[in-house]
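Right, one structure below, let's go through it.
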Amino acid sequence: MREVGSRSADSRADLKGMPLAELEAFFARWGKERYRARQVSRWVYRKLVDDFAGMTDLSKEFRALLAASCRISAPPAERVDISADGTEKALFRLEDGEAVESVLIPDEDRRTLCISSQAGCALGCGFCATGAMGFRRNLSSAEIVHQVCFFARRLEERGERLSNVVFMGMGEPLRNVPEVSRAVDILLSQYGFGLSGKRVTVSTAGIVPEMLALAEKYPVSFAVSLNASRDAQRSLLMPVNRKYPLKELLAAMRRIPLQSGRKVTAEYVLLSGVNDTPADAGTLARMLKGARIKVNLIPYNPHAGSPYESPRQETVDRFRDILQAAGIQTITRERRGADIRAACGQLCADAKEKLKIQKK
Ligand code: SAH
Ligand code: SF4
């Protein structure tokens, strides 16, 4: 089994990251009533309290019992960078020294948080900074939801509210299904963050069976990183394509259950001279025709050590126009937070700096 989460020196049970049903079972073993779990869950995710002393509707005795045998983990944000465009990036230092990043993207009335599900990533897509780090470990559900708690509280302090959560930070969420599922449960639960499935998006490189299984279990939205219109091209960019080639992936995308009016998102990173020609756009348009799929074009964000280049604006617009002319809903994702290396595909938790520290 892959290792999940940090090995903590603190042996008290971590209540953060436990979905309601688990919390209920946990308290039931102590002979406590079911509603205790709902109370604690509300304190942790709604009131964003992470010490038991602050849970004022619990008796003093119960609070003391909780404090003696449980904890609510809250890894520190070692730094928070703020971009000129208002995007904020936090770097969390986990208990075993690993680090992950999350990015808050304000946009008109939306506050979208992009969270990480793994430290590093094993899938090795050639254009992605996280991929270049290699795989370090899976995050626990506590480490995943803590990123949300941290930013929800930060927003609340200035009278704002988190509106959307996207699993588009570091890692492949569908390579960490057990912990991602627990985190999704908490994001959607009315005793957790209470977000609608429309506002929670799982982005995947295309792990077909896990994608279909998660879609059956939770009404979340899906984004699939397509990034190419032919298998040969996609396998070069994304080695996972050898296991789940385009035909199978597209068939799975068409099978995801959707509420009326909803679509699956296809993400397409435009790499200059590689996958951004009019012929590529034409092939992609034919491939998506008639499916409930919309396209998010992402001009490549450069990072050190990657051979690719960003396309010119005219190339991006031409690609978009071809898709739109074929009747495919297409938007170009605005580049946000590039000055603090917070844009898509730039998250690597300062891997190089960290390696230097470790070598000392
Ligand atoms: N592992 C998941 C989620 C994290 S990556 C996935 O691959 O979908 C989130 C998005 O960032 C993906 O769509 C990916 O294609 C995109 N991305 C990765 N590197 C990028 C880069 N350098 N520039 C622009 N987008 C990039
Ligand atoms: Fe992993 Fe996604 Fe980056 Fe590919 S694009 S290496 S799957 S994080």
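From a predicted model like this one, the values you see are computed outputs, not experimental measurements.
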- For atom CD of E314, is the number of surrounding heavy atoms from other residues, nucleotides or ligands below 6.0 Å larger than 12? yes
- Message: For R46, is the CZ atom crowded, meaning more than 12 foreign heavy atoms sit under 6.0 Å from it?
- Response: yes
- Query: What do you reckon, is CZ of R34 surrounded by more than 12 foreign heavy atoms closer than 6.0 Å?
  - Reply: no
- Tell me, with the steps shown, if M170 and E101 meet side chain to side chain contact (heavy atoms under 4.5 Å, CB included). CA-CA 7 Å; M170 296 166 69; E101 292 176 322; 4.3 Å; yes
- Message: With no hydrogens and no angle check, just 3.5 Å: does a side-chain donor-acceptor pair link Y300 and S306?
- Response: yes
- Proximity of F62 and F27 rings by center, below 6.0 Å: yes
- In terms of hydrophobic clusters joined by side-chain contacts under 4.5 Å, are L195 and I144 together? yes
- Stepwise salt bridge (charged side-chain N to carboxylate O under 4.0 Å, His left out) check, K247 with D231: CA-CA 9 Å; K247 197 167 169 221; D231 277 319; over 6 Å; no
- Note on the structure: Residues pairing under ring-ring contact (aromatic ring centres under 6.0 Å, His included) where one sits in residues 261-286, two or more places apart or in two chains, turn out to be Y268-F319
- Message: The test is side chain to side chain contact (heavy atoms under 4.5 Å, CB included); show your working for L249 and R234 and say whether it passes.
- Response: CA-CA 12 Å; L249 181 55; R234 191 165 190 269; 3.4 Å; yes
- Note on the structure: Only one of I298, L270, D321 passes side chain to side chain contact (heavy atoms under 4.5 Å, CB included) with V316, and that residue is L270
- Task: Determine, step by step, whether M168 and E267 satisfy the side chain to side chain contact (heavy atoms under 4.5 Å, CB included) criterion, reporting the C-alpha distance in whole Å, the side-chain angles of both residues, the deciding distance to 0.1 Å, and the verdict.
- Result: CA-CA 11 Å; M168 290 182 191; E267 294 164 288; 3.6 Å; yes
- Please indicate whether R312 has more than 12 foreign heavy atoms, meaning atoms of other residues, nucleotides or ligands, lying under 6.0 Å from its CZ. no
- Message: Which residue is it: D85, T87, D81? I am looking for the one with a side chain to side chain donor-acceptor pair (under 3.5 Å) to S83.
- Response: D85
- Can you tell me if CD on E33 sees more than 12 non-hydrogen neighbours from other groups inside 6.0 Å? yes
- Mind listing the closest non-hydrogen atom pair of A77 and V80 along with its distance? CB-CG2, 4.3 Å
- Query: Are side-chain N/O atoms of N275 and N227 paired as donor and acceptor at under 3.5 Å?
  - Reply: no
- Drop me the distance from Q190's CD to S41's OG, to the nearest 0.5 angstrom. 10.0 Å
- Message: L271 vs E309, test: side chain to side chain contact (heavy atoms under 4.5 Å, CB included). Steps then yes/no.
- Response: CA-CA 6 Å; L271 307 164; E309 281 172 24; over 6 Å; no
- Does the side chain of W43 come under 3.5 Å of the side chain of D57 through a donor N or O and an acceptor N or O? yes
- Query: Can you name the closest pair of heavy atoms from V202 and L214 and give their distance?
  - Reply: CG2-CD2, 4.0 Å
- Consider only side-chain heavy atoms of I, L, V, M, F, W and Y, link residues closer than 4.5 Å, and tell whether F151 and I340 are in one cluster. no
- Query: With hydrophobic residues grouped by side-chain heavy-atom distances under 4.5 Å, do I322 and V274 end up in a single group?
  - Reply: no
- Task: In plain terms, say whether R12 and D10 are close enough for a salt bridge, that is, a side-chain N and a carboxylate O under 4.0 Å apart.
- Result: yes
- Item | Atom pair CG (L15) and CZ (F26), whose distance is rounded to the nearest 0.5 Å | 5.5 Å
- Query: Can K32 be said to sit on top of W30's aromatic six-ring, NZ or CZ under 6.0 Å from centre and within 45° of the ring axis?
  - Reply: no
- Message: For the CG atom of L288 and the CD atom of Q329, what is their distance to the nearest 0.5 Å?
- Response: 12.0 Å
- Is there a donor-acceptor contact under 3.5 Å linking the side chains of Q346 and N301? no
- Common cluster, F167/V224, ILVMFWY with side-chain heavy-atom separation under 4.5 Å: yes
- Task: Look at R320 together with D317 and state whether they make a salt bridge at an N to O cut-off of under 4.0 Å.
- Result: yes
- Task: Report the C-alpha separation of N138 and Q118 in whole Å, then their side-chain angles, then the decisive distance to 0.1 Å, and conclude whether the side-chain hydrogen bond (donor to acceptor under 3.5 Å, both in side chains) test is met.
- Result: CA-CA 4 Å; N138 279 329; Q118 300 182 310; 2.8 Å; yes
- Message: Please say yes or no: joined through hydrophobic side-chain contacts below 4.5 Å, possibly via intermediate residues, are L323 and L250 part of one cluster?
- Response: yes
- Message: Set out, in order, the CA-CA distance, both residues' side-chain angles and the distance that settles side-chain hydrogen bond (donor to acceptor under 3.5 Å, both in side chains) for S117 and E179, then state yes or no.
- Response: CA-CA 8 Å; S117 56; E179 298 303 307; over 6 Å; no
- Task: Assess whether atom NZ of K47 is packed by more than 12 heavy atoms of other residues, nucleotides or ligands within 6.0 Å.
- Result: yes
- Answer yes or no on whether R38 is positioned over the face of Y191, meaning its NZ or CZ is under 6.0 Å from the six-membered ring centre and within 45° of the axis. yes
- Would you call D280 and R230 a salt bridge, taking side-chain N to carboxylate O under 4.0 Å as the test? yes
- Under a 4.0 Å N-O cut-off, is there an ion pair linking R154 with E88? yes
- Message: Between D185 and K217, does any NZ, NE, NH1 or NH2 come within less than 4.0 Å of an OD or OE carboxylate oxygen?
- Response: no
- Evaluation steps, salt bridge (charged side-chain N to carboxylate O under 4.0 Å, His left out), between R93 and E143: CA-CA 10 Å; R93 184 65 61 189; E143 291 165 336; over 6 Å; no
- Checking V295, L297, N296 against I331 for side chain to side chain contact (heavy atoms under 4.5 Å, CB included), the one that qualifies is N296
- Note on the structure: Residues passing the side-chain hydrogen bond (donor to acceptor under 3.5 Å, both in side chains) test with R111, sequence neighbours excluded, are E160
